[in-house]
Every structure is written in C-alpha cells, then in structure tokens.
Amino acid sequence: MDFIDITGIESSSIIAKPSRLYYDVPVMTASPALDQHLSLLNPEQLEAVQHNSSPLLILAGAGSGKTRVITTKIAWLIGAQGADPRSILAVTFTKKAANEMAGRARQMESRAEQCRIQTFHSFGARLLRFYPEDAGLSANFTVYDDDDTVTLVSKAVPKLNRQQAARFAHKISLAKDYCLDPDSPELAEIDSTLDFPAVYRAYQNRLRGTGNADFGDLIMLPVKLLEENDRVRTAMQRRYETILVDEYQDSNAAQFRLLKALAGPGAYICVVGDDDQSIYHFRGAEIQNMLSFEDAFPGALVIRLERNYRSVSPVLSLADAVVRRNQGRLGKTLRAERGKGKKPVLAFLPDQDEETAFCAEMIEQSHNKGVLYGDWAILYRTNAQSPGFETEFLRRKIPYRVVGSLKFYEREEIKDALSWLAFMANRRDEVAFRRIINKPARGIGEVTVEKIIHTAYSSSLSFIDACREFTGGSKKAAGGIGKFIGIFDTLAALLPPAKPPEDNGTPAVMEDGMRLSAFAERLVTESGLDEYHSARDEIAGTQRLANLQELANAATLYPLSTEGLLDFLDHIELDRGMELDTSENADTVTLITLHNTKGLEFPKVIITGLESGIFPRDGKSTEELEEERRLFYVGITRAKDELYLTACARRRIYGRTEFCDPSPFLYEIDRDLVSIIGNPPPDFAGSRGGTAPPDPEQQALLNQWPKGARLFHDDYGYGTVVSRSVNNGEVVIKVVFENGGEKHFMPKYQEAALLRIGDE
DNA sequence: GACAGTGAAATTTTT
DNA sequence: TTTCACTGTC
C-alpha cells in the first residue's frame, strides 16, 4: 500500500543486499523493446542514458528531448543494468512533470512502477509522515500553504498588517529555501532589519504549536533529519542507489542539501537541467547548484543535449541571440533538427487595444484557414495583462482559457472546506480553526476567538477542548460555540480514530460505502458551508456549491479514516496547480504568463507587452535582468512553428496612459533575425525608411519643447526635456523629472498639465 | 458583525 | 483601473 510504504524503509530492511543492488546478469541483455527505445536516441542522448558511474550532469537545452532521456534511462537502468526499481528515486518540481515521467517510464518498462517518481515536496512530506516526531511535528500534521503562512505570521506578530505579514512570510519561506533558522546570521542577507529574526522566530513558535509544517519545512526538515539522524540517513541511503533530478536549474539550496544527504557513498546521481531556463531565483532557486555541479560532485561528467526537435531554425536563432547576452551561463548552442521555417515577426503597435486586436485578428484569420485555436498561445509577463485579451476574445467569440489565474484550491469555498478537513485531522491547527470557527457566522466575534486561542495555548489544550472549557463571553457567543462543538462532534463520530503508523498489518482497505467523499459531503452540510455558499451563488451567479461537490468527489479515491484524510490533504496540498476547468482537450487559445509556460510548447506563440518597464519590469538589477532575459528565452523556445513579438508605444497602466519604450531586449537582437511590422520608434535599429520631415504643426511643437526645456507637470513636478521624437505622426517628448522619474508625453494632448518654465 | 466609504498600492510564484 | 485593507457607522 502506498500509504504504508512511505519511505520504502520496510523494503530496504527486508531486502538484504550488497552496497549496490544490481542483479547478477550480464550488462547487455536489453529486451527488444528497450533496444527499440534506445534506437530512437541520438548519440548524445544515448550516451546520457547508458551512463551509470560518475555523477552526471545532463545539460538539456529547450526541446532537446530530456524527458525521453530520463524515462529511457530509468527503463535502461532496470532492464539492462538490473537495477532494483525500488532503488531508483526520480524527483521533479511539479506534480504534472512527475506524473508524466512516471507514466512514460512505466510504458517503457512496467517495473518502473515501483520506482519513486515524485516531486521534491511530496518526497519530503512522505519522509516526514514517517518520522513526524523526530522532525518536531505532530503525527497528524497538515501542510500550510502560502496563504495560511501569511495568516499565521500576522497572528504571531499582531502589529503587522496583512501586507507586511505577507512580505515577512515570503522572506521566511526564502529563509527556509536556504535552510536558515531564526538564529542563522545569514538571515541578514535576506532582510537585514532586526525585526526579521524575531518575526521568523515568533512565526516558527506558533507553527510548531500547531504541529503543522509549511512548504519550506517539507524540504528543510527532511534535510535536518537526514543530516542529524544516522538511523534515518542510513536507511534512506541504503534504499536509494540511483537519484535522478529533473529541472535541476530550479533547485534551491535546501534541495541541494537534501540531495547531498540522500546520496550515499555508492549512489549514482544524475541531474538534468538547463541553466538558461532558470527563472525562479526570486523564490530561492539557485542556478549555482547547476553551475558548480562539477565542484560539488567531483569527477562529474557533463553531457550536452543541443539538438532541438521542437522549433524551426529562425526561432532558435532568435532565442540564441537573446540568451547569448547573459554572463553567468554554462553555454550551449541549440541546433534546429527541424530546419528552416518562418522568421519571427516583431510588431510595433500603437497601444494595447491594437495589440489585442492584432492578436485576435491573426488568430481569427488562421482559424478561417483551418488552424486550430489550440495551436495558439498568448504569453505575457504579468497576469494583469490577461483581461484585455479576455475582453477582446469574448467579443469576437474566440474560445480561450487562462492558465493559472484562480486556482481551484485557492477558492474561498474550497479553502473553507479544506480547513474543516484539516481541523478534523489536527485539532491544534490554529489557521484552520480561525477560518471555520465563525463561518458561516455563529455570533462568535473576534474577541471571543482570541480568548479561546489564548486559553488553548496557555493551558496546552486543543482548540476544540479550549472551546469546551471556555466560559466567558456573551450568551450569543456561548451559543455559537455550542453549535460549533456540536458540528465537530457529529463529524468526529463519523471518522474512525487514527491508527499508529506502526500498525500496518492491515493496510487501509477500502470498503464499499466507506469513502472519504461521504465524509466530505456530510461535512459540507453539517458545517453550514453549503447553505452559506449556495446563498452567495444565487447573488453572484457563481459555482461555489458545485466546486464543493467537486472537492468531495475528489475524495472518493480515499478511505474513510484519519490516514485517508491525511493522505487526501497531502495530495491536495502538494498538487495545487489543478485548475477548475480541466477541459484540456477543448480547442482554445491559451493565455498564460511566461513563467507558467515552462515545459510547454505551442505551434504558434505570441509574446506580448515587450516594453521597457513591463518586460523586463522596472528597477531590475543586472542579475535580475539576466533572469528576465532567460524568461524571454523560455518564452521564445516554446514556439514550434511561428513566433510573434508585440510591443506597444502606449499602454494604460493603473488607469493612466504611459508612453513605453521598446523592451531593451529588442535592441539586443540583430534586426535581420525578425521581420518588423508596424511603426518602430525612430531610434530602433532596423526601422524602415527615413523619417518624414515634420509638418508645420509638428515643427511648432518641437520648437515649443526644445531639448533642455524646463517644465512643470501637474502630477510629476519639475523636469527637463531630454529628447524628442515624432512617432506615428505625433510629437513625443521624453522628460526627466527632479524626483528621478522619466516620462514620455505627447505635448499636443498635455496642454493643461504641462507648463514650460524656461531653459536649463 | 455587516457594510459602505476611503486611500494606498500595484510581479513572476513549480510546492 | 482594480483591488484590498482599514475605518467608521448602524
């Protein structure tokens, strides 16, 4: 049973084995099926697959078939090397990637089913599930997501408002990505204020009080467990003889230490990644893990996969021109196996409305010629850019889906129900308790809630017992607390008590009618959440009740027991990417942030909003600029056949129209790598033809606003004209203000706000 | 404890 | 522009 075999400790203790568990068979007895899979590989891929000695770093460029390499390698290790599938651990970052890898490996080699192929976090969660007390957690711990973390920070340090709490929460999670304790001096590198360690400590105390873990703990606690606990480390090192890591460029410092601790002396370690696609440094990913792999694992072999099977060559040439600008990279050059194709198009458009229209128009025209909507993807830097496209597509009846906007598990009603479920599993879960105690309203006010929580902490009671003990408070509050206890008791009676994990003689067999879904459904009605949310459905026309039903349906696969409940919550917490609209097969245009496109590909890609300040965003350090450039690179390399880039001269930002310069990235690329359409700004190399001489009206404006002219603007204060241009027939001046800001204006339309006050 | 009104702020986010 | 946190009123 999966739940019982949490870490594979049992199997490793059952099987007596030498230092490496390879069966006593000649090395090359590959099955015909395996030979077939091997024959599909190019020489570098084959070398990467048939390597099983020193540490191995596979530098896999975009579209170079890395998933194929990893899955074939798993099949080869089992089929040709005689490796015990249970001794193979493969970790990825997303559930989706893990599922895909597991599925494809199993297709090639059925025994791969016994490999442990999962995300870093679910690996950590399972380890902790097995040794909760050693790690300082409660046996029934649940996992707090980022939102819960913010709540807990704001409660641990009441003087913080929610936004400040969110900032600290982010920093705390960053600290955990680096395995830093509240006492670590290195905390100052994240935030040098004196407050930070204190806030972190307060949060940590509160978190440990609940017995729960946050995402960071799922890596950091296993690291400590492995580093400090010989018994656990030995068991795990004996178990895993092969460790494979995908998307290694996005691993953080804690994950690196996890790998180091997990890899025993005889272990074979193989990591796959692309330093040019590292785009998550802002949340702790350390490209350094990759750049210094050869130092960390002496004797390592590096294999480059540079043959790209995805994109036509003009797309790859552009991608290379972009990423070549970066300094800290291992360096590789993709070669297009697919050969020639259409040159990327760079469109300069007047404003964002023209941008959406341009995209919609192209998509409609291609659709009329038989191209699927699903072939198209629109990429943007920030989620705030999607509404424009949505409005336009709705108007034109172009079907679309927005990837990663509002996630299923982040919906209010789902979080409500999940909090109830979490609280049923762990009665010390403060965050869950706060969420459910007075929702729907039972007349229990904030003051009463705080008193109960205080009682719980000061008398070491669970929150439900604290409710039972609680006497003070109004009559209304007492009634509400009574109701709450009643709901809890009703539900608790339905849930069989937890069995200690050692008692694994009878794995949680699923009996008919004993599903967790029945419990979840009952919970939704008993708690009053169904009434509460269906009432709001009627007002707002939302789907909350249906969502709650869907959540209950998802619980069908789990047995009605505390173990089943914890298992269910783990799976949900560690697979938050799930979207409500799972109609993946529908023929729709994809609207998606650049970050979310990692690992995806589309025949036709439009990267929008290529303007300075939007992409890259303002105020980036050199290092951050490199990451933004990699993000651009990731976007470009998603395109198989056609790539379009759009840049607007004007954009409404926060309701105000701003003039935009083209993205600096556009100035970095050779003009003959793209076909330029629309009206590029005059300073853009590659703009066609000479600029038309200004007409009298334009000349008058140019005379009125010479370079060096001093002016006053109603909103921005004093400034100086630093340059002027004629763009789309309009005079535009660039002004540097005394407050340090830079703005473009069309003086023709700014007569009211702009006042000329003299020369410099 | 619910609600309307005000003011300040505004990335990206695998788990 | 939109969103969300905070404030004051009923």
Side-chain angles (χ1 to χ4, degrees), chain A residues 91-98 118-125 143-150 154 160-167 169-170 173-174 176-177 213-220 246-247 249-252 254-255 277-285 352 379-385 387-388 391 403-405 407 409-410 438-449 474 476-477 480 570-578 592-600 609 613-620 624 627-628 630-632 634-635 651-658:
Chain A
V91 284
T92 65
F93 284 84
T94 68
K95 202 86 174 177
K96 200 173 155 202
Q118 54 189 175
T119 63
F120 262 111
H121 286 84
S122 47
F123 177 80
V143 179
Y144 280 150
D145 68 12
D146 292 344
D147 203 45
D148 300 330
T149 299
V150 174
S154 67
L160 301 177
N161 64 33
R162 204 172 166 82
Q163 192 182 44
Q164 294 166 315
R167 291 213 177 103
H170 176 247
S173 110
L174 211 50
K176 291 190 173 187
D177 287 342
D214 58 24
F215 278 131
D217 286 337
L218 295 183
I219 308 297
M220 183 170 163
D246 191 15
E247 304 280 15
Q249 76 281 355
D250 286 327
S251 60
N252 60 37
Q255 287 158 338
Q277 293 187 65
S278 168
I279 54 175
Y280 283 106
H281 179 68
F282 69 94
R283 55 185 303 178
Q352 61 187 358
L379 280 47
Y380 37 77
R381 180 63 178 78
T382 68
N383 282 311
Q385 287 162 256
T391 319
V403 174
S405 46
K407 306 228 171 68
Y409 294 116
E410 283 164 14
N438 193 39
K439 192 173 185 180
R442 297 182 188 89
I444 307 169
E446 201 182 327
V447 178
T448 310
V449 174
S474 66
K476 199 168 74 175
D570 274 359
H571 276 259
I572 279 179
E573 212 56 56
L574 302 178
D575 186 13
R576 334 204 76 248
M578 175 183 153
I592 190 168
T593 61
L594 284 148
H595 281 89
N596 266 321
T597 61
K598 199 172 77 170
L600 304 178
I614 303 286
F615 185 31
R617 282 187 67 82
D618 272 331
K620 290 285 180 184
E624 289 170 321
E627 179 147 309
E628 297 268 310
R630 290 192 291 269
L631 190 57
F632 189 25
V634 167
R651 181 176 292 273
R652 280 189 307 278
I653 298 169
Y654 308 140
R656 172 177 249 150
T657 299
E658 304 275 359

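Values reported hereafter were calculated over all heavy atoms of this structure, with side chains retained and with hydrogens, waters and symmetry mates removed. Each chain gets a letter, A, B and so on, in the order the sequences are listed, and its residues count up from 1.
The backbone N or O of A:His281 lies less than 3.5 Å from a partner atom in the side chain of A:Glu627, making a donor-acceptor pair. Counting only distance, with no hydrogens or angles, the side chain of A:Tyr144 and the backbone of A:Phe215 share no donor-acceptor pair below 3.5 Å. Within the 3.5 Å criterion, the main-chain N or O of A:Leu600 finds no donor-acceptor partner in the side chain of A:Thr597.
Comparing A:Leu574 and A:Asn438, the nucleotide of DNA chain B nearest to each residue sits closer to the 5' end for A:Asn438. Where A:Lys620 and A:Glu446 each meet DNA chain B at their nearest nucleotide, the meeting point lying more 5' is that of A:Glu446.
Using a 4.0 Å heavy-atom cutoff across all strands shown, A:Gln163 reaches sugar-phosphate atoms only and no base atom. Note on A:Gly124: nothing from the nucleic acid sits closer than 4.0 angstrom, heavy atoms only. Using a 4.0 Å heavy-atom criterion, one finds that A:Arg651 contacts no nucleic acid atom at all. Residue contacts shown for A:Leu174 are absent, as no nucleic acid heavy atom lies under 4.0 Å away. Within 4.0 Å of A:Asn161, counting heavy atoms only, lie sugar-phosphate atoms of the nucleic acid but no base atom. Note on A:Arg652: nothing from the nucleic acid sits closer than 4.0 angstrom, heavy atoms only.
The side chain of A:Arg167 has B:dA10 as its nearest neighbour among B:dT15, B:dA10, B:dT14.
Between A:Glu628 atom CD and B:dT11 atom P there is a gap of 13 Å when expressed in whole angstrom units. In this structure, A:Phe120 places its CZ atom 14 Å from P of B:dT15, rounding to the nearest Å. B:dT13 atom C1' lies 14 Å from atom CZ of A:Phe93, rounded to whole Å. In this structure, CD of A:Glu658 is placed 13 Å from C1' of B:dA10, rounded to the nearest angstrom. In this entry the distance linking CG of A:Leu600 with C1' of B:dT14 reads 12 Å, nearest Å. As a whole-Å value, the separation of A:Lys95 NZ from B:dT14 P is 14 Å. Atom-to-atom, CD of A:Glu247 to P of B:dT15 comes out at 12 Å; the value is rounded to the nearest Å. To the nearest angstrom, P of B:dT12 lies 11 Å from CG of A:Leu594.
In this structure, A:Arg617 CZ and A:Glu628 CD are separated by 8.5 Å, a value rounded to the nearest 0.5 Å.
At a cut-off of 3.5 angstrom, the base of B:dT12 holds no donor-acceptor pair with the side chain of A:Arg617.
OP1 or OP2 of B:dT13 lies within a sub-4.0 Å distance of a side-chain N or O belonging to A:Asn596. Between A:Asn383 and B:dT11 there is no side-chain polar atom (N or O) within less than 4.0 angstrom of OP1 or OP2. For A:Thr382, no side-chain nitrogen or oxygen approaches OP1 or OP2 of B:dA10 to under 4.0 Å.
Across every non-hydrogen atom of A:Leu594 and A:Gly635, the tightest pair is CD2-CA, 3.7 Å.
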Criterion side-chain contact (heavy atoms from CB on, under 4.5 Å) on A:Arg652 and A:Glu658, from CA distance to verdict: CA-CA 6 Å; A:Arg652 280 189 307 278; A:Glu658 304 275 359; over 6 Å; no
Step-by-step side-chain contact (heavy atoms from CB on, under 4.5 Å) determination, A:Asp575 to A:Thr119: CA-CA 10 Å; A:Asp575 186 13; A:Thr119 63; over 6 Å; no
Intermediate values then yes/no, salt bridge (charged side-chain N to carboxylate O under 4.0 Å, His left out), A:Lys95 and A:Asp570: CA-CA 12 Å; A:Lys95 202 86 174 177; A:Asp570 274 359; over 6 Å; no
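Using C1' as the reference atom, B:dT14 and C:dT3 are 26 Å apart when rounded to the nearest Å. Distance check on atom C1': B:dT11 versus C:dC6 gives 24 Å, rounded to whole Å.
Ring orientation note: the planes of A:Phe93 and A:Phe120 are tilted relative to one another, at an angle of 30° to 60°.
First and last contacting nucleotides of DNA chain C toward chain A (any atom under 4.0 angstrom from a heavy atom, 5' to 3' order): C:dT1 to C:dC6.
A distance cut-off of 5.5 Å between ring centres, combined with a plane angle under 30°, leaves A:Tyr654 outside any stacking arrangement with the base of B:dA9.
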